[in-house]
Structure formats: C-alpha cells, structure tokens
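Just so it is clear: chains get the letters A, B, ... in the order the sequence lines come, proteins before strands, and each one is counted from 1. Keep in mind that this is a model prediction, so the values were computed, not measured.
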Amino acid sequence: MIHLVPRRQQSKAMVWGAPLIAVALTLITGGLTFAIMGKPMGEALYTFFVHPLTTFDGATELIVKASPLVLIGIGLSLGFRANVWNIGAEGQYTFGAILGGGLAIFFHESTSPFLLPGMLLAGVIGGMIWASIPALLKTRFNANEILTSLMLTYVALLLLGFLVHGPWRDPDGFNFPESRLFPDAGTMPILIEHSRVHLGAVFALVAVGAAWLLLGKGMTGFKLKLVGSAPEAARFAGFSETRMVWFTLLTAGGLSGLAGVCEVAGPIGQLIPTISPGYGFTAIIVAFLGRLHPVGVLLAGLVMALTYLGGESAQILIGVPSAVTGLFQGFLLFYLLACDVLIRYRIRFSEGRAA
Amino acid sequence: MISGWEQLAPLILTVITASTPLLFAAAGELVTERSGVLNLGVEGLMVVGALAAFAGTHATGSAILGVMFGALAGVVLAFVFAVLTLTLLANQVATGLALTIFGLGLTALLGKGYVGVTVGNLPQLNIPGLTDLPFIGPILFGQDAMVYLSFAAVIGISWVLSRTRIGLVLRAVGASHDSAHALGYPVIRIRYLATMFGGALGGIAGSYLSLVYTPMWAENLTAGRGWIALALVVFSTWRPWRLLLGAYLFGAITVIQLHAQGLGVAVPSEFLSMTPYLATILVLVVISRDKLKIKLNAPACLGTGFRPTQ
Amino acid sequence: MIEEYGKDPEVRGAPDHIGGAPADVSLLEAQGLTKTFPGCLANDQVSFTIRPGEVHALLGENGAGKSTLVKMMYGLLRPDEGQLVWEGRPVRMESPSVARRLGIGMVFQHLSLFEPLTVLENVALALPGRWNPKELRARVIEVSTAYGLPLDPDRVVHSLSVGERQRIEVVRCLLQDPKLLILDEPTSVLTPQEADQLFNTLRKLSAEGRAILYISHKLHEVRALCQNATVLREGKVVAHCDPRGESPESLAELMLGTRVAPPRRAVTVAQAERLVMSNVSVTTNSTFGFDLKDINLSVRGGEILGIAGIAGNGQGELMRVFTGETTLPRHSDAVRVDGVPVGGLGPIQRRQHGMAFVPEERNGHAAALEMALTENAFLTGFKKLRLTLGGMIRAGKTLDYTQRVVDTYKVRATGPAADAGSLSGGNLQKFVVGREILQEPGVLIVAQPTWGVDAGAALAIRQALIDLAAQGSAVVVISQDLDEIFAICDSIAVISEGRLSRARPVSEVTTGEIGLLMGGIHGEHAQAAQ
C-alpha cells in the first residue's frame with residue numbers, strides 16, 4: 001500500500017527536483033515512443049533534443065520561439081500563484097496581434113519611428129482589453145475565468161480569420177487570406193544578423209527581471225501567494241481579491257498581447273490566419289515547469305521551445321510527424337503534476353489498510 | 001405549409017446530431033462533478049474517444065465496436081486523471097488542462113494515418129410503420145442508436161441520482177467528503193468510478209463526432225465542444241433534465257448559425273461561428289451571478305481534494 | 001415532562017435521575033488499552049468497565065486522551081496494547097461497522113451530516129441495508145418522537161439549527177438499537193434548554209437498559225447525569241468515582257491535577273470608551289448566515305466584554321464588521337475606535353488605528369496553513385510593526401517578531417519557518433492570539449479563543465487577554481463557552497439571530513437568563529417563522 005505522509009514543511013529540494021525528474025521521465029517515454037515507431041532510440045532522441053542546438057539557425061530559432069513562451073509564461077505564472085486560471089492567453093496574444101498589426105496595416109506607408117512603438121503599445125493594450133473581459137465577468141458576476149477566457153480565444157481566432165479573409169486582405173496579394181506585409185517601420189529590429197532573433201527576446205528578459213524583483217521579497221509576491229492559498233486569510237489581512245484578479249489578468253493579457261504583436265511584426269511580418277503554434281497553451285506548461293518562478297519560467301521556456309524545434313527536426317531528418325511535439329509536451333506536464341506530490345508528501349510503502 | 005415542414009424536419013435532425021455529443025459529454029461530467037471531482041479534461045476525453053472509435057471502426061468494420069473503443073479510451077484517460085488527482089493529490093484544474101493538452105497531442109500524432117479515410121455508419125433505427133410516419137416518424141423513430149442512448153443515459157442518471165442508494169451516496173460524497181468518510185464510505189473509490197464513468201461518456205461523445213457528426217477524422221475534431229460541455233454542466237445547476245435542455249439549446253445555436261451562413265444572412269460567417277462561444281459566456285454569467293443558487297446546487301466539495309485524516 | 005430550570009448554575013435538571021440498576025454483568029470492558037502516536041503517548045494502560053443501563057462519564061480535559069480512547073472503542077483506531085471485552089467476550093473492533101453490529105452507537109462532537117440533503121437521506125446514509133424511503137420515514141418519525149427529539153424527515157439539513165442537527169445523529173444511532181451509546185461533548189453546541197431535553201432522552205434510554213458513555217469536561221452535567229465516572233489525565237486513568245458523591249472542585253482537581261487558580265482579574269477603574277458601535281445593521285452575503293440588526297455596544301479601556309451565543313447566530317458577520325472585511329458606508333461613524341470613525345475602513349487601516357482581531361476559524365482565516373509562521377506573523381503585523389520597506393518584506397525584522405511570539409507564548413513548533421499547518425490546534429491558536437497581543441492593540445476582538453485547545457494553552461490565552469485589558473485595552477470575547485465568559489469577562493451580551501442584547505455586568509446575571517437569551521426563538525419556532 002502506498003501511503004502519502006504529509007511533510008511538516010514543503011520540501012525545497014523537490015520544488016526544483018520535480019521538474020528535473022519530470023524531464024527525465026519524459027525523455028525516457030520519448031525514447032520509448034520513438035522505439036515503438038520503429039526509429040532507433042538514441043538517434044531519435046539526439047535528433048529531437050540535441051540536434052537543433054548544434055546549428056546556428058537552430059540556436060537562434062530557439063530564442064525566437066522561446067521569447068513569446070517566456071513572455072506569456074511570466075504573465076500566467078503570476079495569475080496561477082493567485083489561483084487565477086487564465087487559459088485564454090492564446091486569445092489575448094491574438095487580439096494584441098490584431099490591434100498592433102492593424103496599426104501597421106492602417107499606416108502601411110508610414111516611415112515614422114513612432115510606428116513600431118505605437119504598434120507594441122497597441123499590442124499590449126489589445127491583450128489587456130481581451131483579458132479585462134474575463135476579469136470583469138469574474139469579479140462582477142462570479143463567472144469562472146477558465147471557461148470565459150477560453151471561449152474568448154475561439155472568438156479572437158475567428159475574428160482574425162475574418163479580418164485576413166475580408167477587410168484586411170492584401171489587395172495585391174492574389175486573393176490569399178493574408179494582410180499586407182508590414183512596412184519596415186513596422187517591423188521588429190533584428191538583434192543577431194542572419195537570424196530571426198528580434199527585440200522580443202529583450203522584452204522577455206526584461207519581463208523575467210521585473211517579475212523577479214516584484215515577486216522575490218516583495219509584497220506583491222506575498223499577496224499573490226496568500227490569495228492563492230488562503231483567500232479568506234487574504235481578506236483578513238486586508239488584501240483585495242478583486243484587485244489581485246484584475247492585476248494578474250491584465251498583466252498576463254498585456255504580456256500575451258505584446259508577444260502577439262512581436263510575433264506578427266517580427267518573424268511573420270504580416271497578419272495571417274495562424275499566427276501561433278499554440279504558444280498560449282504551451283505557455284501554461286512553461287509556467288508550471290518553471291514552478292511559477294521567473295527564472296524557472298525562463299529555463300522552461302527554452303526547454304519547451306526546444307520541443308518545437310525538435311519536432312520539426314525529427315520530421316525532416318527521421319520522418320516522425322512533428323505532432324510528436326504536442327505529445328511530449330503533454331507527457332511532460334503529466335509527469336510534472338505527478339512529481340509535484342513529492343513536494344508536499346513523502347511516499348511510504350507499508351502494509352495495512354488505506355484510509 | 002408543407003414546404004415549411006419539409007425544411008423544418010431536416011433542421012431538427014441536424015440539431016439532434018449536433019446536440020447529442022454535447023449531451024453525452026456533459027452528462028458524464030455531471031456525474032463526475034456530483035461526486036466532487038472537477039475534470040476539465042473533457043475536451044481531451046472527447047478527442048481520444050473520437051480517434052479510438054474511428055480507428056476501431058476502421059479496423060473491425062463495426063461501428064458499434066468502434067463506439068466501445070471510444071468509450072474505453074475515455075475510461076483509460078479518465079483513469080490517469082483520477083490517479084493524479086485522487087491518489088497523488090495533484091491540483092485538479094492543472095491536471096484537467098494537462099489531460100486536454102495530452103489528448104490533443106496524442107491524437108494529432110496517432111491520427112495522422114486516418115485523415116481522409118472513410119468508415120461505415122452506425123445502424124439506424126427503423127420500426128416499420130412508426131418510422132414512416134410523416135415528419136415525426138424519422139425524428140422520433142429513425143435516429144441512430146446513439147441518440148436513443150443519450151436520452152437513456154440522461155434518464156438513467158437522473159433516476160439513479162435521485163432514487164437509488166448509489167445515487168444518494170454519490171451525492172453525499174460530493175456534498176461532504178469528510179462526513180461520507182466518517183460514515184465509512186470509500187470516498188476515493190467512489191470518485192474514481194464517477195470519474196471513469198465521465199470518461200466513458202466523454203469518449204462516447206467523441207465517438208459520435210467522428211462516426212456520425214462528421215464521419216471522418218481530422219486533427220482537433222472537437223473544436224472546443226468539451227469546454228462547452230463543461231459550461232453546460234454549470235448551466236444545468238448539476239441537474240440532468242436541465243442538461244438536456246441546455247445541450248439542445250446549444251445544438252440549435254450551432255446549427256442555426258451554420259444555416260444562416262448558407263441562407264446568405266448578411267453577417268460574415270466568422271461572426272456567426274462565434275455565436276456558440278459567446279452564448280457559452282452569456283450562459284455562464286447568467287447562472288454564476290446568482291451566488292446563492294450556485295452554493296445551494298453545486299456539490300460543495302467540487303474541486304477540493306480529499307485528504308483522509310486519522 | 002419538562003424539568004423546571006433551576007437557578008443554581010451548578011445543578012441542572014431533576015435532582016434524582018433514573019439509572020438502570022448496575023448488574024454485575026459488564027457490557028463493555030476496556031483492559032489496559034494503550035495507544036501511541038509519533039511523539040505522544042495518547043492512552044496508557046487505560047482500563048474501566050461499563051455496565052448495562054449505566055450512565056458512565058469519561059472525564060478529562062482536551063488532550064487527556066478521551067478522543068483516542070473512544071475511537072478505539074468505536075473501531076476507528078486499533079490499540080497498540082490491551083483489549084476490549086464485549087459482553088464477556090474479547091473483540092477486535094476492526095471498524096465502525098463492527099462496532100455498530102455489536103450494538104455500539106456513537107454521536108461525535110463534529111457532526112457528519114450532509115447539508116444539501118434531507119433529514120431522511122442523512123439518516124439513510126448512516127444505516128446499512130436497502131434504501132426504502134417510505135418505511136424509513138415512518139421509523140424516523142416514530143423513534144424521534146418517542147425519545148423526545150422530534151424530526152421532520154423532509155427538512156433539508158442546512159435549514160436546521162445545530163441542536164436539531166444533533167438530533168439526526170442521535171436518531172441515526174437509535175435506529176440501530178444500540179446497547180451502548182457514546183456521546184462526545186454533546187452539549188457544547190446546545191442551549192441549556194436543549195441540553196435538558198437531551199438529558200431526558202438519555203435517562204429514558206438508560207431506563208430501557210441501554211448504557212451511555214458520556215464524554216465531557218462539564219462537571220455539573222456529569223454530576224447531574226452520571227452514576228459512574230472514569231477520569232483521564234494525560235493518557236492515564238487517575239480515578240474511578242461516583243460523580244454524585246464528588247464536588248465540582250474535587251472532580252476538577254482530579255482532571256487537572258493541581259489546584260486550579262482562577263484567572264486573576266484586577267479591579268479596574270472605569271476608563272474612557274474605546275470601542276463603540278451604534279445601530280449597525282448589515283445584510284449578510286453568506287447563504288446560511290444572519291443579517292445583523294441594530295447592533296449597539298460600547299467597551300471601555302480595561303473592560304472585557306463577552307458576547308455569548310450559539311454558533312451561527314451572526315457571530316461571523318459581526319466579526320467581519322469588526323475587522324473591516326465588511327465595510328460600512330464611507331462616512332458612517334457607526335463604528336468608532338477612540339472616537340475616530342473606522343466603519344468605512346478596511347482591515348489594514350483599522351489595524352493602524354490600534355485594532356487587532358482573532359477570527360473564529362484559525363484554519364484558513366486567521367492563519368494560512370500552507371505558509372510559514374513568519375508569513376503568518378507578517379500577515380497582520382506588517383503595517384503597524386513596519387515590516388516592509390518600499391514594497392519589500394524585511395525578513396530579519398519579521399523573523400524577530402515571529403520568534404518573540406513563539407517564545408512569549410511557548411508555541412511548540414519546529415521553528416519560525418514551520419508551516420502553520422504543522423502546528424497542533426492549541427499551539428496555532430496560541431500563535432494567532434499572541435501575534436495580535438504583541439502588537440499592543442488598543443482594541444482586541446477575539447472569537448472562540450480557546451476552541452479545541454488543551455487546558456494549559458486555554459489558561460495561558462485567557463490570562464493573556466486579562467493582562468491585555470489590565471494594560472488599558474478594550475477586549476471583546478465572542479464565545480460559545482459560557483464558563484469561559486463568566487470566568488474572564490466583566491460584562492456580557494448575547495447574540496441571537498443577528499441581534500445583540502443589552503450588555504450587563506457578569507455579576508448581575510445567571511446562566512439561566514443567558515441560556516434563554518441564547519435560545520431566542522430558535523428551533524421549533526424558527527420553522528413556523530419561515
């Protein structure tokens with residue numbers, strides 16, 4: 001019989017140990033999956049996890065893919081600490097891209113140096129607007145933010161589809177569902193030559209730093225943790241749960257919107273129907289894997305970005321469908337949740353009846 | 001107005017087809033939630049059920065066996081959820097999300113080989129005489145087996161919950177797991193069973209999608225229906241008959257907006273497609289704002305893990 | 001036949017009581033029961049005998065080992081040593097269902113009821129066998145009326161008072177025809193009148209030849225009801241006696257071991273009013289709570305006001321008005337502290353005005369169980385004690401403060417970094433009260449200060465409250481425990497269904513009068529009022 005014995009204090013070792021164990025288990029499972037598919041285990045694992053890092057293109061693409069994950073992940077980690085479950089980051093990302101990209105399309109002939117900053121601001125505001133809806137519905141009407149933010153994701157994606165198929169379609173674009181290309185003044189500056197690494201990476205690092213300061217020994221971190229674990233005690237202490245909900249949702253929305261506009265003004269360069277390989281959802285895993293801690297989120301973002309690249313490289317080099325990425329991400333999250341139990345409990349094997 | 005009826009009948013039939021998967025998934029989740037477990041992974045359950053049913057039907061040639069495969073897939077995934085949340089005490093919200101992400105990822109990968117493949121159909125009911133009645137004949141007596149099964153499920157769940165001892169115990173576990181434990185009831189085991197039952201129905205819902213609704217497999221076939229099913233459970237205030245109403249309401253909305261697109265309604269198709277999702281939000285707001293109603297009807301232990309104390 | 005309620009607080013109920021003639025046959029015998037938990041010897045070679053028809057008391061303070069002993073008798077725990085003998089034959093109480101089959105019924109202090117379900121459904125869940133609503137309904141009505149505990153099978157439990165809810169538990173046991181009925185602190189949630197009703201039921205059961213094991217620390221009840229008593233102290237049996245032949249002091253001495261000095265109350269000179277509430281009315285937003293209606297109170301410096309009342313009569317709402325979790329309109333001066341209107345302020349600002357609070361529920365409200373003691377200390381003290389600097393937490397200062405609380409109130413924990421949830425109930429309560437008192441508040445409001453706390457800690461907490469008042473602070477104690485209120489308070493008011501009675505000096509009232517006020521129009525009358 002397996003018994004879970006509560007620990008007196010959370011195990012600090014396991015807080016960081018659990019993700020490592022989870023990653024290890026994912027690697028093992030990944031290897032087995034490859035083996036079942038008939039691919040040589042070692043080679044497949046290398047192709048998936050190591051190969052992308054060995055080339056210049058691979059390493060820079062890692063940063064390109066990790067930036068939005070980290071940006072969104074930081075925002076989500078704040079909310080999750082406070083038990084605010086923003087599942088609609090994908091929608092906030094999309095709406096931010098719509099507003100920011102819309103500005104670029106509107107001013108498509110502009111060469112003003114204010115265009116890009118304006119777009120970035122519009123992106124942040126767009127994300128915040130989209131996140132303010134679930135915030136309002138939760139604080140005023142008690143509606144569950146998981147479902148409302150998620151439904152809004154579908155709405156945002158449909159809105160994007162409408163825009164690129166209709167009013168914002170490139171008149172010179174041969175009827176493809178895509179917008180004009182953004183002008184140079186509305187494109188993200190590249191940081192590393194011959195790569196796609198853009199300013200978004202800097203934003204991501206700044207977000208990590210800001211969150212680290214805010215949470216480290218700050219009141220904000222304390223308040224979030226308290227609201228998340230004991231909401232009545234938070235009220236007793238005088239902290240407003242409503243304010244926490246608004247703060248976390250708007251922050252996550254703003255960061256997601258920023259990630260969205262960076263992506264369309266950077267690597268993509270225009271508005272098209274699909275502007276994300278599921279960043280908003282993967283960022284959820286990033287937040288958990290990173291233990292809701294800013295530095296952890298940074299590392300986790302890099303790991304998850306690697307899984308995207310790994311999927312692509314596996315598809316090209318050894319003929320495994322890139323959908324294997326989604327599978328591995330799912331496994332990772334499962335293992336992480338399972339290992340998390342070790343933070344609060346010790347496992348003891350004994351005889352005797354279970355409770 | 002015969003032409004009006006003639007237009008109405010196929011419309012009603014499509015509504016039934018659209019509502020049935022919602023009904024199955026929501027009914028299963030209702031049972032799970034009544035026992036106090038919040039399983040947000042309904043979308044994941046549905047999508048693995050859809051693929052398993054499709055693959056099973058393709059392999060065996062029998063749609064009925066396919067549906068059973070779908071149900072089984074749902075049960076297995078729900079079991080994994082139960083182990084994580086009930087035994088390992090993982091956070092129910094996060095684990096439900098994990099279930100969805102995992103389910104979508106797994107099926108995207110495994111389903112590659114099935115895109116573009118066709119399979120056989122489910123048997124339709126055909127009672128000579130009754131089925132041939134004009135208008136109501138096909139609607140009431142000409143459905144495929146699953147539609148009748150969905151109604152039977154709702155009736156059965158309602159009866160079991162309100163009139164049997166098992167139903168009473170299930171409700172008790174959801175109302176207060178501490179009291180149930182004190183009285184000697186195996187809280188964890190009951191929740192495992194309720195969760196797996198929800199998994200079976202979720203898998204069946206998915207099977208319906210891939211075998212009847214759009215008889216084919218495509219990645220992300222479920223398109224958010226699992227989340228709508230979750231909202232439906234809240235809408236129904238955890239009562240089976242209300243669920244029936246809600247599922248059909250949503251099925252109707254889905255169908256009407258499709259037809260509106262076809263009828264050349266002036267609204268762009270994307271906006272029409274938004275209606276089910278916006279309607280879900282509206283429904284949630286309307287039901288949730290009455291805190292008292294929620295408190296009186298929602299299983300008090302919903303989402304809170306059970307930690308047996310000495 | 002309802003007994004006349006006597007004026008003397010020590011003797012309740014009829015002077016003679018009927019008990020089954022104790023035969024030489026024993027019903028249940030405990031022989032050398034021993035149970036150890038990590039770090040604690042809960043029961044040490046406990047032996048005693050219960051005879052059929054006997055009303056047997058199990059006396060002892062919180063932490064003496066009564067709960068552990070009874071859990072072993074009911075099959076919830078297995079003894080490490082010793083055995084139980086039922087009707088002459090040794091038995092292994094594997095589980096509560098075994099105990100029930102033998103004929104043992106138990107009414108716990110913490111009721112195991114399901115609020116959204118009906119009385120009938122709640123009873124059915126406790127009984128084995130098939131679900132036969134019609135038959136069960138008839139039996140419930142029959143048994144509940146026969147024993148003076150009437151119940152309506154179709155009422156939903158959340159609409160019942162605590163006393164009525166307890167009846168469900170008793171009826172659940174009676175329907176299984178028990179030979180031994182164990183009751184754990186049954187009167188802690190009852191009005192004195194409801195307690196009398198219960199005693200009548202128990203006497204009737206005893207006359208039928210059923211044995212009763214009555215667990216309590218209320219000495220006057222035990223003396224009025226029981227023929228035989230076993231006294232536990234720190235896990236061991238220290239005495240077997242006939243409580244009718246003992247005085248409350250001698251019984252208390254047996255329970256506590258030393259001469260108990262009552263908490264010292266210095267005579268105080270009347271000082272200025274420090275806390276005033278005028279005509280406060282608040283609608284509750286809790287489902288089963290009470291609206292507050294026209295609350296008026298005034299507490300002076302050096303005074304301890306006790307607010308008595310059964311749980312669930314508006315204490316929670318009142319506490320929230322005190323703490324500022326419920327705020328009044330901004331410009332109202334309905335609540336004044338040292339003359340300053342605070343009604344529109346939130347908890348943080350109220351604490352800056354010198355208020356401090358200890359809510360009733362330490363798990364999750366007064367303290368966050370998953371967080372460390374330092375964080376819990378920070379929770380209420382950060383503003384007044386300046387534990388932050390520019391948005392950052394001052395860890396060193398917070399640690400010092402936490403350590404002071406732990407040392408001053410002898411809180412047993414692995415250290416200031418220990419999770420609050422790892423502390424025992426008594427120690428957490430000491431911490432939660434101590435952290436407020438060390439902030440030297442001008443006004444302290446405490447709810448249920450010694451609930452679930454062992455005797456030593458309870459004494460320490462009560463003394464701390466008295467000392468705080470002696471320094472000139474105004475203290476309000478909201479409590480269900482009348483003994484506690486009479487022991488430490490200067491004046492007393494009663495809260496019932498959201499209304500507060502006029503406060504009167506403790507020396508001028510009797511427990512009888514208070515009991516009537518506490519009962520209010522609760523119970524049967526409440527149903528008619530709905």
What's the spacing between [X] [atom1] and [Y] [atom2] if we round to 0.5 Å?
X	Y	atom1	atom2	value
B:Ile287	A:Asn144	CD1	CG	13.5 Å
B:Met274	A:Leu152	CE	CG	10.0 Å
B:Leu89	A:Asp340	CG	CG	11.5 Å
A:Leu327	B:Thr107	CG	OG1	9.5 Å
A:Phe162	B:Leu272	CZ	CG	11.0 Å
A:Ile87	B:Leu97	CD1	CG	4.0 Å

Relative to chain A, which segment of [X] carries a heavy atom at a distance below 4.5 Å: side chain, backbone, both, or neither?
X	value
B:Thr100	neither
B:Phe271	side chain
B:Val80	side chain
B:Thr280	side chain
B:Leu84	side chain
B:Leu110	neither
B:Leu99	both

> Aromatic rings B:Tyr277 and A:Tyr154: how do their planes relate, parallel, tilted or perpendicular, breaks at 30° and 60°?
Replying inline: parallel
Non-hydrogen atoms of chain B under 4.5 Å away: do they reach the side chain of [X], the backbone, both or neither?
X	value
A:Leu150	side chain
A:Leu157	neither
A:Leu342	neither

> Which residues in residues 281-288 of chain A have a heavy atom less than 4.5 Å from any heavy atom of chain B?
Replying inline: A:Phe281, A:Ile284, A:Ile285, A:Phe288
>> Just so I understand: if I count every heavy-atom pair under 4.5 Å between each of B:Pro268, B:Ser269, B:Gly44 and chain A, which residue has the most?
In response: B:Pro268
>> Tell me which of these, B:Ala94, B:Ala90, B:Pro186, has more heavy-atom pairs under 4.5 Å with chain A than the rest.
In response: B:Ala94
>> Restricting to side chain to side chain contact (heavy atoms under 4.5 Å, CB included), what partner residues turn up for A:Glu241, sequence neighbours left out?
In response: A:Val227, A:Pro231, A:Arg235
> Residues in side chain to side chain contact (heavy atoms under 4.5 Å, CB included) with A:Thr47, at least two apart?
Replying inline: A:Glu43, A:Ser313, A:Leu317, A:Ile318
>> I need the residue from A:Leu332, A:Val341, A:Ile146 with the largest number of non-hydrogen atom pairs under 4.5 Å to chain B.
In response: A:Val341
> With respect to chain B, which residue among A:Leu336, A:Asn142, A:Val320 yields the maximal number of heavy-atom pairs within a distance under 4.5 Å?
Replying inline: A:Asn142
> Looking at residues at least two apart in the chain, or sitting in another chain, which of them share a ring-ring contact (aromatic ring centres under 6.0 Å, His included) with B:Tyr192?
Replying inline: B:Phe79
Distance-minimising heavy-atom pair for [X] and [Y]:
X	Y	answer
B:Lys112	A:Ala323	CE-CB, 4.0 Å
B:Ala98	A:Leu337	CB-CD1, 3.7 Å
B:Leu88	A:Ala338	CD1-CB, 3.9 Å

>> Under the criterion side-chain contact (heavy atoms from CB on, under 4.5 Å), I'd like the reasoning laid out for B:Ile228 against A:Met151: C-alpha separation, chi angles, the key distance, then a yes or no.
In response: CA-CA 8 Å; B:Ile228 295 181; A:Met151 291 294 119; 4.2 Å; yes
>> Would A:Phe80 and B:Asn91 count as a side-chain contact (heavy atoms from CB on, under 4.5 Å) here? Give the steps.
In response: CA-CA 11 Å; A:Phe80 291 171; B:Asn91 179 289; over 6 Å; no
